[in-house]
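Everything on this sheet refers to the single structure shown next.
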Amino acid sequence: MEHFALWLAAFLTLGIISFLYKDNAWYKLTESIFIGLSAGYWMVSLFWDNFYGKFWVNKSESPYLYVGAVLGLLMLLRLVPRIGWISRWPLSFIVGATSGLWLINYFSSNIMKQIEATILPLFSAQFGSGFDAGAAAIIGNLVIVTGTFSGLVYFFFSKEHKGAFGRTAKLGIWIIMITFGASFGYTVMSRMSLFIGRIDFLLSDWLGMIL
Amino acid sequence: MSTRAKEILVIIMIVVFSLVFYFRKIAGGKEIIFSNLVAWVLIALLVLSLGLILILTIKGSLIGRRVVFIYVGIVLALPLFMPFTQKITISPEVRSLYEAVEKLPPGSKVLVSFDYDPPSAPELQPMGESFIRLCFQRDFKVIIMGLWPQGPQQANIAIDKILEDPEMQARNLRYGEDYVNLGYQAGNEFVIQRMGSSFKSMFPSDYRGIPYDSMPLVRNIRNFSNIDFSFNLSAGFPGSVEWVQIAVDRYGVELGLGNTAVQAPQMYTYLNSGQVVGLLGGMNGGAEFELLCDYKGKATKFMLSQSFSHMVIIAFIIIGNVAYFLGGRKSALKDK
């Protein structure tokens, strides 16, 4: 069984890689198996963990669970055209609850904390402590402050981008492009890592050429 | 020979090659490692061939995309056979995570959330292994959970591998006392939200079905206030962003992150603002952490392949730009 599993995994891995040559039947078969398995896995996993697990195995006495279950059932009414409009009730609950929660989370974590982290003393490690920061820290602080300011200026469209304002906006777009470049570099690294993972499987687990 | 015949020939060659090496493995064949000389000769051949491609490009003969794919495949695979290791420099974000863990006293309770699935394992699994290994070495109590269904399974794979080590076996680690795997819980960020008031409400039983209260390690853990440190391994949603926004900013948890390289740039803002204590970004971050932990895992092993592939990609970017600008100049000359 172990041999069969290894060969099957290798067959599917090579099938996906074969797309680099051209779109072909082997790739299509592998892709279809992957999509079907993923969908099946999620359905089975959510059913056993969420539904069976919470209503049978670890039966909760919390009434909120049953409120959630009723809302979930109402969602399924979308399948009945005549009363499908009822499915909008749980949907509106989800939209409202999620936006309410996220509004607070994002405002606190991604706005307030980030603004706080951008207001930096340029030449010192702490506010009011003099010129005690190292060269790297000073340069880093200057880059953060200048980059944030010029990036914001670029997105200010109520004034024409001319003169000093235009030059600041130009610096802003450079900063944004460098950020995209760094992000793209990391993405390449990530994709390479995944490919290394599969090559390691083929050469190590499957063929035993490396440890 | 027709294209179809060539394709069939390549498939037959792959099958024969695979069978030969597979039976060699079954027969107990050893791993293949190149000598220094062979490795350097291969590197020289690669560099020379890239130079040749550049010259051909300048002369106006362009290569196909499949050549790029073949080169990337070769430079990812070859370093795995080479006897070299890459020099790794520790970045401040990795060091700060390590130092934050080092400061914890023995017996500290560490929560590790495995929020990824097998496709992201090449990047995140080495981080998980080295982090849990470090926790065991420091006598911390490890509580594992997952917001992704396959996360706790990845954790089990990591723990099984760690426990193969005789040093770890000698510690006689016991499930339920030294570590537990609480398993997966559906609900995304709302699971973290509920854990802020009660762990037990989200995990009434563990991965194996053992009731929460019957495990000595977690019996007295009510919520985040009983956790000394948290580490999140994330490949997307739900993951690091949600842990920062809810666990850190709402419940004051001390958090370290291990992310896929795609996600890492987004996390640097949280690092800079002090919301997280440290960050392992991609395979590179994993390799740096392994170095700090004095453990040579897969991230260290793969770094040479990673660097070789980056160099080849940079070379092809240069070649592509040469082709683009020369092509532009030629078409401009034609227009004149």
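Proteins come first, then strands; the chains are lettered A, B, ... in the order of their sequence lines, and each starts at number 1. Keep in mind that what you see is a predicted model, and the values were worked out from it rather than measured.
Ring geometry for B:Phe237 against A:Trp102 counts as tilted: the plane angle lies between 30° and 60°, on a 0 to 90° scale. Ring planes of A:Tyr186 and B:Tyr268: tilted class, angle from 30 to 60°.
Neither the backbone nor the side chain of A:Ile17 has a heavy atom closer than 4.5 Å to any heavy atom of chain B. Of the two parts of B:Phe69, only the side chain, counted from C-beta on, holds a non-hydrogen atom closer than 4.5 Å to a non-hydrogen atom of chain A. Only the side chain of A:Leu46 comes within contact range of chain B, with at least one heavy atom under 4.5 Å from a heavy atom of that chain. With a threshold of 4.5 angstrom between heavy atoms, A:Arg191 approaches chain B through side-chain atoms but not through N, CA, C or O. Heavy atoms of A:Asp205 lying under 4.5 Å from chain B belong exclusively to its backbone. Within the 4.5 angstrom heavy-atom criterion, only side-chain atoms of A:Leu203, from C-beta onward, approach chain B. Using a 4.5 Å cut-off between heavy atoms, A:Tyr21 touches chain B through backbone and side chain atoms alike. Both the backbone and the side chain of B:Asn284 come within contact range of chain A, with heavy atoms under 4.5 Å apart.
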* To do: Check the pair B:Gln245, A:Asn110 against side-chain hydrogen bond (donor to acceptor under 3.5 Å, both in side chains), reporting the backbone distance first and the verdict last.
  => CA-CA 8 Å; B:Gln245 291 181 340; A:Asn110 288 31; 3.2 Å; yes

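Interface check for chain A: of the options B:Phe17, B:Phe81, B:Phe23, B:Phe190, the most heavy-atom pairs under 4.5 Å are formed by B:Phe81.
Looking at A:Ser109 and B:Asp249, their side chains do bring a donor and an acceptor atom within 3.5 Å of each other.
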